[in-house]
Trainee: 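Right, I'll just put the structure down here and ask away after.
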Amino acid sequence: MLPSRFDYHRASSVEEALSLLDDYGEDAKVLAGGQSLIPLMKLRFVSPGHLIDIDPIPGLDGIEEREGSLALGALVRHNQLASSEIITNGYPTLAAAAPQIADPIVRNLGTIGGSLAHADPAGDLGSVMLSMGANVVLRSSSGERVVPIGEFLVDTFTTSITPNELLTEIRIPTPPPRSGGSYLKLERKVGDFATVAVAVTLSLQDGTVGSAGIALTGVGLKNIEAAEAAASLHGTAPTDEAFAEAGRLAAAASNPVTDVRGTDTYKRHMVEVYTRRGLATASAMAAG
Amino acid sequence: MEISVTMNGTARTADVEPRMLLAHVIREEFGLTGTHVGCDTTSCGACTVLLDGSPVKSCTMFGVQADGHEVTTVEGLAGADGLHPVQVAFQEEHGLQCGYCTPGMMLVGAALLERNPDPTDDDIRWAISGNICRCTGYMNIVKAIQTAAKAKAAAPAAATA
């Protein structure tokens with residue numbers, strides 16, 4: 001399958017990419033690892049007139065802790081996430097999700113920035129970022145803005161990025177001590193989209209839940225932040241009963257549809273089960 | 001657009017349309033038909049090649065993105081001293097039936113052994129989890145990659161990648 005014809009532009013710096021976006025943004029797509037965009041172009045679901053390849057830009061693949069956050073360059077590949085010691089040691093939700101994204105070959109090319117900008121409701125990283133309260137950095141030739149991930153992910157395949165902006169960095173607040181996280185994904189086979197997945201990030205403070213974030217993959221028009229479920233845990237003891245109640249609230253926040261991967265009833269039930277299990281895992285990790 | 005690629009160790013150039021996928025550049029411009037196109041939807045891994053040593057699906061990459069990079073296809077596995085240990089092992093262990101997925105399986109196996117010379121069966125199953133064998137001959141594929149690991153360990157000087 002061949003995509004429609006397009007003009008290919010290779011950017012060698014962020015500035016060059018931004019200038020190309022100023023020229024062609026309305027009719028352009030940004031190409032990073034291409035693992036979501038190219039399949040869509042081949043199916044001709046998207047047919048941009050211009051493709052701006054940012055993959056060769058040096059310096060956009062950093063993983064570093066800076067000012068209380070983990071700063072991830074937009075071009076960090078999924079396999080880099082999966083093998084990073086900083087992430088394994090301090091960001092358990094992300095560490096759990098990274099090796100479950102797509103398959104090992106796709107993870108060699110797919111990038112975190114591309115995945116988030118693609119905004120697939122079945123995408124894993126959107127939920128991870130929602131559960132961890134991440135922000136994305138959007139740059140344009142006229143400046144930069146930092147947008148909470150919940151405001152960035154607007155709808156299916158739709159974000160709040162403007163045609164002249166480039167997603168350059170993702171910032172995840174460093175979890176406090178005594179934190180844990182989990183990402184439980186139900187899939188029919190490796191590489192399939194999630195039937196259901198649940199991201200959970202939780203911290204303990206004086207024996208009770210200090211903060212919690214819960215987000216859902218594949219059960220709505222976008223990654224869903226189960227805010228009510230997370231709020232129900234604040235200040236409560238990390239008990240099975242509290243986790244079961246959060247599971248029920250998370251299931252209520254989901255909005256799955258029946259498809260080849262399962263019925264809506266089944267998916268909603270799995271949200272409940274995975275939320276409960278994920279919270280237990282994260283809590284045990286936090287209790288250390 | 002003119003691209004320069006190191007194909008199996010040899011510098012090659014081609015004039016390609018930007019929308020041409022790497023798989024087609026390899027097969028049609030460079031005439032290397034060992035790279036198979038299976039599903040054409042990033043699912044099956046038959047088109048896997050090594051880009052700078054790492055497995056990628058060549059149906060999900062434009063040829064222009066390979067400009068300036070090294071690409072290894074199944075034709076590049078064998079060295080001057082004969083077949084790659086993975087190729088020998090696939091033959092010995094009957095690691096193929098119809099052979100369609102085999103180039104991708106062997107390249108993934110070879111890349112795994114570069115990174116992890118002594119893999120467990122689970123490591124191998126993880127590594128090939130992006131490659132589908134529709135004959136379902138996975139047992140012998142895993143066995144073949146194990147056998148190749150042992151052969152490489154026994155004769156490290158002869159191991160090429």
Trainee: Using a 4.5 angstrom heavy-atom cutoff, name the option from A:P3, A:G191, A:G34, A:G33 with the most pairs to chain B.
Mentor: A:P3

Trainee: Can A:D103 and B:K57 be counted as an ion pair, charged N to O under 4.0 angstrom?
Mentor: yes

Trainee: Answer yes when B:K143 and B:E92 have at least one side-chain N-carboxylate O distance shorter than 4.0 Å, and no when they do not.
Mentor: no

Trainee: Is any side-chain N of the basic residue among A:D61 and A:R77 closer than 4.0 Å to the acidic one's carboxylate O?
Mentor: no

Trainee: Let me know if A:L37 has heavy atoms under 4.5 Å from chain B in its side chain, its backbone, both or neither.
Mentor: neither

Trainee: Are A:R261 and A:D192 close enough for a salt bridge, meaning some N to O gap below 4.0 Å?
Mentor: yes

Trainee: Please classify the contact of B:A127 with chain A as side chain, backbone, both or neither, using a heavy-atom distance under 4.5 Å.
Mentor: backbone

Trainee: Quick check on the interface: out of B:V37, B:I128, B:V64, B:T42, who has the most heavy-atom pairs with chain A under 4.5 Å?
Mentor: B:V64

Trainee: Do A:E165 and A:R139 meet the salt-bridge criterion of a basic N to acidic O distance under 4.0 Å?
Mentor: no

Trainee: Before accepting this row, confirm whether a basic side-chain N of the pair A:R10/B:D67 lies closer than 4.0 Å to the acidic partner's carboxylate O.
Mentor: yes

Trainee: Against chain B, label A:L51 side chain, backbone, both or neither, depending on which of its atoms sit under 4.5 Å from a heavy atom there.
Mentor: side chain

Trainee: Which answer fits B:S129, side chain, backbone, both or neither, if we ask what part of it has an atom under 4.5 Å from a heavy atom of chain A?
Mentor: both

Trainee: Less than 4.5 Å to any heavy atom of chain B: does that hold for the side chain of A:D53, its backbone, both, or neither?
Mentor: side chain

